[in-house]
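Notes follow the structure.
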Amino acid sequence: MQQIDKISREDFLALYEPLMKGYSESFKYKLKTDQFLANIIFQDKDQTTIENLHSLTITEIDPYIKSFILRLLSVRELIHCRDNNLPPDLRTIWDYVANSITAISTEYTISSIGSQGFLSIPLYKSDKSLEEFDFLRLHIWDDSLNEYMDQKKCNDFSIHSHTFNAKSWIITGKVINDRYDYEKDSEYSAHSFFEVKYNDSINEVNQHTSKAINKNVNAQLTQLSQEVHFANGFYEIEASKLHKSGHLNSPFCSATFFSFTGKEGLGESFVIGPKEIQESEINRKTIIDPTNLIEKINKQIGQ
């Protein structure tokens, strides 16, 4: 594992708020303040070791503190590996994340269905500026989630781009990533550009309703490739590049860690959909208990 050995009090305090954005609003009333936690973790020192943090996850009886430290370990390691082009130990990071979720009640975990039918669980969000934007999520695909989505709408509006550079690490399963290009205003256009607008959400990290509105700019799509990525694999989508993702692992789960970052440049976010549709609304179930899916993944990876 490419883990860094120590963490400073200063780094911990900088990570506190972005990590808190990975939990529900009600979690904030259960966890201690950043300074209180810093005193528990660092005592009278300016830094501590990763080994000491590991020990705290075993000895700490407060489930909220335990969950937070596990999340801290997972996010810090994943960001370190991403930013230094190192291969992350996905099994260890998965264990951190899975245990951080199951250590607390479901109500404290944000888990909603994304526009492409996967369960999205935010882990970390730093958004002080677009250039330093950093967002990490856990994505899970499973057949049991299909009942929560209109599958036709999901398919119609699955091709999209991102404002930020995106990277995905496959924990388990078979994840597909299709890449596309387009030509505007072609006489053969079957699609149009859509703008996605979100409603006011109970939590700013995962919206629970979105509306796709036709911009009446037609586009002819060309599929460039179809990739299949397996456990411990990795793929990347540059900002502004069109793609859609899914999985080929039914009846088993597929799961990935997904990263958005503005550190590598910014692009344009848009969605492509059928040009004959003028407006389409997608509703997402706000909270879905991920416990059974985490247990299913643990069995898949042989825990």
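No hydrogens, no waters, no symmetry mates; every other heavy atom, side chains included, goes into these values. Because the structure is predicted, anything quoted here is derived from the model rather than measured.
- Here CD1 of I297 is found 4.0 Å from CH2 of W94. Values are rounded to the nearest 0.5 Å.
- Stacking of K184 on the aromatic ring of F193 is recorded, both the 6.0 Å distance cut-off and the 45° axial limit being met.
- In this structure the side chain of H247 never reaches within 4.5 angstrom of the side chain of I176, judged on heavy atoms.
- Rounding to the nearest 0.5 angstrom, the gap separating the CD1 atom in I41 from the CD atom in E60 is 9.0 Å.
- Salt bridge annotation for R179-E238: absent, with no cationic side-chain nitrogen under 4.0 angstrom from a carboxylate oxygen.
- Classification of the F270-Y182 ring pair by plane angle, with boundaries at 30° and 60°, yields perpendicular.
- With contacts defined as side-chain heavy-atom distances shorter than 4.5 Å, the pair N146/Q151 qualifies.
- Proximity of L242 to L224: side-chain heavy atoms (C-beta onward) are nowhere separated by under 4.5 Å.
- Atom CG in L145 sits 4.5 Å away from atom CD1 in I113 (nearest 0.5 Å).
- Within the 3.5 Å criterion, the main-chain N or O of I93 finds no donor-acceptor partner in the side chain of E77.
- Linking Ile, Leu, Val, Met, Phe, Trp and Tyr whenever their side-chain heavy atoms come within less than 4.5 Å puts I40 and I50 in one cluster.
- When side chains are defined from C-beta on, F258 does not count as touching K167, because their heavy atoms never get closer than 4.5 Å.
- Counting only N and O atoms by type, the side chains of T49 and N52 include a donor and acceptor under 3.5 Å apart.
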field: Test log, rule salt bridge (charged side-chain N to carboxylate O under 4.0 Å, His left out), inputs D134 and K125
entry: CA-CA 6 Å; D134 216 344; K125 187 179 183 184; over 6 Å; no

message: Would L31 and I65 count as a side-chain contact (heavy atoms from CB on, under 4.5 Å) here? Give the steps.
response: CA-CA 7 Å; L31 192 68; I65 294 177; 4.1 Å; yes

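- Across S186 and Q220, no two heavy atoms sit closer than the pair OG-OE1, 2.7 Å.
- In this structure a side-chain-to-backbone donor-acceptor pair under 3.5 Å is missing from S67 to P63.
- In this structure, K174 forms no cation-pi arrangement with F230, as its terminal cationic atom is not both closer than 6.0 Å to the ring centre and no more than 45° off the ring axis.
- Put simply, the side chain of F157 does not reach to within 4.5 Å of the side chain of V196, judged on heavy atoms.
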- prompt: How far apart are the C-alpha atoms of L72 and I7, what are their side-chain angles, what is the distance that settles it, and do they pass the side-chain contact (heavy atoms from CB on, under 4.5 Å) test?
  reply: CA-CA 10 Å; L72 168 67; I7 180 172; 4.0 Å; yes

message: Between L266 and E131, is the side-chain contact (heavy atoms from CB on, under 4.5 Å) condition met? List the steps.
response: CA-CA 7 Å; L266 302 175; E131 290 74 19; 3.9 Å; yes

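- Counted by atom type alone, S24 and S26 present one or more donor-acceptor pairs between their side chains at under 3.5 Å.
- Two rings, from F133 and F260, have their centers 6.0 Å or more apart.
- Of the charged side-chain nitrogens involved, at least one lies within less than 4.0 Å of a carboxylate oxygen, so that K211 and E279 count as a salt-bridged pair.
- A distance of 6.5 Å separates CG in D83 from OG1 in T261, rounded to the nearest 0.5 Å.
- Aromatic pair H162/F135: ring centres not closer than 6.0 Å.
- Within the 4.5 Å cutoff, the side chain of T256 has no heavy atoms near those of the T172 side chain.
- Residues S8 and Q47 have side chains that never bring a donor and an acceptor to within less than 3.5 angstrom of each other.
- Side-chain polar atoms of H139 and R137 form a donor-acceptor pair below 3.5 angstrom.
- Contact annotation: the side chain of E268 never approaches that of K241 to less than 4.5 Å [non-hydrogen atoms, C-beta and beyond].
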query: For K30 and D62, what are the C-alpha separation, side-chain angles and deciding distance, and is it a salt bridge (charged side-chain N to carboxylate O under 4.0 Å, His left out)?
result: CA-CA 10 Å; K30 295 293 185 179; D62 185 317; over 6 Å; no

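- At a threshold of 4.5 Å between non-hydrogen side-chain atoms, the residues I110 and I121 do not count as touching.
- Around atom CD of E10, no more than 12 heavy atoms belonging to other residues, nucleotides or ligands sit under 6.0 Å away.
- By the 6.0 Å contact criterion, CD on E227 is enclosed, its count of non-hydrogen atoms from other residues, nucleotides or ligands being greater than 12.
- Judged purely by distance below 3.5 Å, without hydrogens or angles, the side chains of D181 and T222 never pair a donor atom with an acceptor atom.
- Residues S120 and P122 come closest through the heavy atom pair O-CD, 3.9 Å.
- The OG atom of S192 sits 4.0 Å away from atom CG of N214, with the distance rounded to the nearest 0.5 Å.
- Ring centroid separation for the pair F257 and W169 does not come in under the 6.0 Å cut-off.
- Of the N and O atoms on the side chains of N177 and S245, not one donor lies less than 3.5 Å from an acceptor on the other residue.
- With values rounded to the nearest 0.5 angstrom, K28 atom NZ is found 12.5 Å from Y23 atom OH.
- Note on ring orientation: taking the six-membered ring where Trp is involved, the planes of F27 and Y64 are perpendicular (angle over 60°, cut-offs 30° and 60°).
- For the 3.5 Å distance criterion, the side chains of H191 and Y180 fail to qualify, holding no donor opposite an acceptor.
- The two residues D142 and C253 make their nearest non-hydrogen contact at OD1-SG, 3.3 Å.
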